[in-house]
Structures are given as C-alpha cells and as structure tokens.
K.L.:
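Below is one structure. I have some questions about it.
We count ligands from 1, going down the list as the structure has it; atoms in each ligand are counted the same way.
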Amino acid sequence: MKKDIIITIFGSTGDLTARKLLPAISKLYQSKSISQNILVIALGRRPYDTNSYLNAMQSLTKEPLNLDVLSKIVHYYPIQITSYEEYKNLSEFISGYKTTYTKELYYLAIGPDILAEVASHISKSGLIQQNNLNQVLVFEKPFGHDLDSARAINRMLWKYFDESQIYRIDHYLGKEMIQNLMTVRFANRIFEESWDNQSIESVKIVVKEKEGILNRAGYYDKSGALKDMVQSHLLQILSLIAMDIPKAYESQFITDEKVKVLNALTFDEKSVIMGQYEGYLNEPNIPGDSKTETFVYLKAFVNTKRFKGVPFEIMTGKKMDKKESYIEITYLPTKEQEKWKLPVLQNKLVIRIQPNDGVGLTINSKKPGLKNNLELVELNYQLPKSVEGNIPEAYEKLFLDVINGSKTLFTRWDEIESSWKFIDLVKEKSQELTIYKNETEIINYIMKKKAL
Ligand code: BG6
C-alpha cells in the first residue's frame, strides 16, 4: 500500500532511536497528529526481523515503547549503510511504497565518521533528488568539531542537497519553554518594551545535568561541554533572547536576526572556567589523562545596540546536584529606587525550561504591616501537572515540523558557522581545567574567581 509519509532511519539500532525517535513517532501517530498512513523503515546492520528489532529497542530504554503502534508502522530493514551496492535494493523497496506526494524523511542517526559516505550514497542512489522538496534529510550534531570541519561537512551536504532539504536538529529548540521564549518576549508589552540594555542588567543561561557522561565516552571525550552543549543549545537560547525584532514571524527572518547576534558575540577571556567532574577519568573508555571539560562557565557579551554591555553568563555542567535548566533575566533598579534610597531588590524574570516548566517574575511590594518595608514577591506561572505530563516531547514537535516543512525550529548553516567561530575562540583562550567534586565546589570556585 502506498504511504503518505516514509521515515527512513539510518543507524536505527542506537540509543537515540530507542529513547527519542520511536516514542516521538508513536505518540504523533497515536494522537493522529500525522497521517496514519506512515511507514518507518529502520535500517541497521544486525540481522533482526521487525519483532526482534523492536524488542531490542525496548531493552535500550526504561520507558515502555508503544509496541502496539510501532509493530504496525515500523519495518526493520537490514543493510550495510556504508555499502553503496545495497542502496539499489533499498531504493526499490522504498519505491514500492511511495507516490510523488509522499513525504520522505531520511533521518541520519549516525556518527560524523560515516556521515559523508552515507550522504553521498543517499544522493547517488537517487533516494533524495536535489529538486524534490518532499525528500528531506534530517540529522543532528555534532556538526563537526570546529569551524573547519563543520565547513567541510556543510560543503559536502550542499554538493548533494539543497539547503531547503536539510533539517539540522537542535532538540532544545523543540522544548516547550524555548518555543515559549519568543511568545513571552514579543507578546507582552511589559517585556517587549524593556528588552534591552536600558532595562536589563544581566542574563544567565543555566543548563545543569545530574548524570555524568553515561555510555557516550567515545563521542563525549572528543567533544566536551563547550562543544557538546554551548555551541548548540546554549548559544541557540542566547540568540533567541538577544536577537532584534525579526521583520516577520517567519523562520528566515528569525534566523537572520539570530545570526546577527552570533556574529556580534564576544566574551570576557578571564571569565572562562572549565571543569571536569571528579571520577571522569575512571569512566569506561576515557583515557586516564583526558583534559576534556564536563563543565563550562563564561561571560559573553552581545555587541549590538540593544544589548551592548549586558553580561550573558552561560553555565552548563554534568554531575550537578540536580537536572535543571533555566534563563534568569535581572532588571536594573528604577531611578526612584536609587533617588529615594529604597532597598535595591531587583526584578527577575525566570524562564524555567525544565523541570517545573514555567515563568516566574519577582516584583517589589510593600511588606504588609505598619512599616514601609519592601519585599520581593514572586508571580509564578507553572504548567499545571495535567498539562506537564502531556507536553509533547521536543522530538515530537520537531518531526511534525519536518513533515509540515516548517523550519523555524531548525538551525541554518550560517548559525552553525557563526557559533563555531565563537566556540573556536573560547577554546583557544581557555587552557585551565579545574576538578570539581560537586556543584557547590565548582560554584564556589566561580564566586572566588569573580571576586578577584
Ligand atoms: C545533548 C548532549 O545534546 O543534550 C548531551 O549531547 C546532553 O550531553 C543532552 O545530556 C541534554 O539534553 P536534555 O534534553 O536532557 O536537557
């Protein structure tokens, strides 16, 4: 039977497919957000049939997979994806299911080492034709390990595919509260009118993780927190906060503004702190003398008219006390607070990305009673538990957008290029690595350095 949507996953036997991709696809299917006439082709080397494949996937994740749905829509297809000869049969297999209207997604859940080879096979075998917008390539970081390697990957991709066919995933952009950032900013006069260096004193972007590197030693040790987290997720968040108002609410205009921010980024060289959690060197497959950082703190500046002079403090690390990500925007005191010598308690807008997704705002208020004292009180919005449990996973939203051809939540090449320029500079300037036992220790270290 012909299909409306065909999703072909390269490298489908890995963690990402089990934990993120299959759950997202089955949820979209079950909620009828996508056509029920869908086929998911899972490609891998191992000699599974569809049943044993799905069981193997279930064993990779603690969360129960929706096997009822998945067994209806998934087909496991054994193939050596680096062998060009095998693409002819694959192409015939897919042709049996498609019409000219079928939306075809080719999802590359594979390492950077075979990316070029697989991309070339996909193109040469005609799976994706450069002028067919129904055929798209989806993949995620690492987009290289520095500016030069990222450029090389991109040159290769542009040789085979049109930019409009390429979807580069940054899964943070699919998170509910990151999507909400623009709404909070642009749909509230109180924020929109004061979103600049005349009103904002500082911005913090914090992404903390409780876990260590889990079983990703091979990838992580070559990457480290700066490239793994800052180059992608944290700079994406920063650019959404700092961008100027896009000409229209359309992906190209939004991206244009984000790129301007990334190109205007500088940082305080003395502020950079790289840390490695104690015990990292004992993780399986980590070389005993590794200098890879699992924690980064730095103070960046966006040299635009809007945000010149405002520090953007960025912090991310593994093995922290708990998993928590948030954005904290601190406002300057009012002129009256200074003139009338009122206690300087500053407004803060906090956007909680996870957990307790929501928005908090502290305001000054009179402390009830006979005296005229001030106190900071918090106005708090938190997604209700009933909604929280049903928030679509980032990958659900991202799949849906690829299927619908919406690019706002995907990164364009020039964003990647500009962020690598910045990251390469930071990497070059930061040699020191401090070992931390826990969150308190590394935070105290930052405080001590700030005080110097
Ligand atoms: C990934 C990084 O992009 O994001 C991981 O490679 C990190 O190292 C993960 O753990 C964090 O994502 P989330 O959605 O769990 O905050």
K.L.:
Can you tell me how far CZ of Phe312 sits from OG1 of Thr266, rounded to the nearest 0.5 angstrom?
P.N.:
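Here the interatomic distance stands at 11.0 Å.
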K.L.:
Could you pull out all donor-acceptor pairs under 3.5 Å where a side-chain atom in residues 316-328 meets a protein atom, sequence neighbours excluded?
P.N.:
residue	atom	partner	partner atom	Å
Thr316	OG1	Val207	O	2.9
Lys318	NZ	Glu209	OE2	2.9
Glu324	OE1	Lys208	NZ	3.2

K.L.:
I'd like the contact residues of ligand 1, where contact means a heavy atom below 4.0 Å.
P.N.:
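Within the 4.0 Å shell of ligand 1, which is judged on heavy atoms, sit Lys141, His171, Tyr172, Lys175, Glu209, Arg216, Asp228, Met229, His233, Lys318, Lys323, Gln354.
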K.L.:
Taking the six-membered ring for Trp, are the ring centroids of Tyr436 and Phe295 within less than 6.0 Å of each other?
P.N.:
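Yes - the distance between ring centres of Tyr436 and Phe295 falls below the 6.0 Å cut-off.
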K.L.:
Rounded to the nearest 0.5 Å, how far apart are CG of Asp221 and NZ of Lys291?
P.N.:
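The CG atom of Asp221 sits 11.0 Å away from the NZ atom of Lys291.
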K.L.:
Verify the ring-centre separation between Phe10 and Phe139: is it less than 6.0 angstrom?
P.N.:
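Phe139 vs Phe10: aromatic centres not under 6.0 Å.
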K.L.:
Among Tyr167, Tyr395, Phe399, which residue satisfies the ring pair (Phe, Tyr, Trp, His ring centres under 6.0 Å) criterion with Tyr107?
P.N.:
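That would be Phe399; it is the only one of Tyr167, Tyr395, Phe399 passing the ring pair (Phe, Tyr, Trp, His ring centres under 6.0 Å) with Tyr107.
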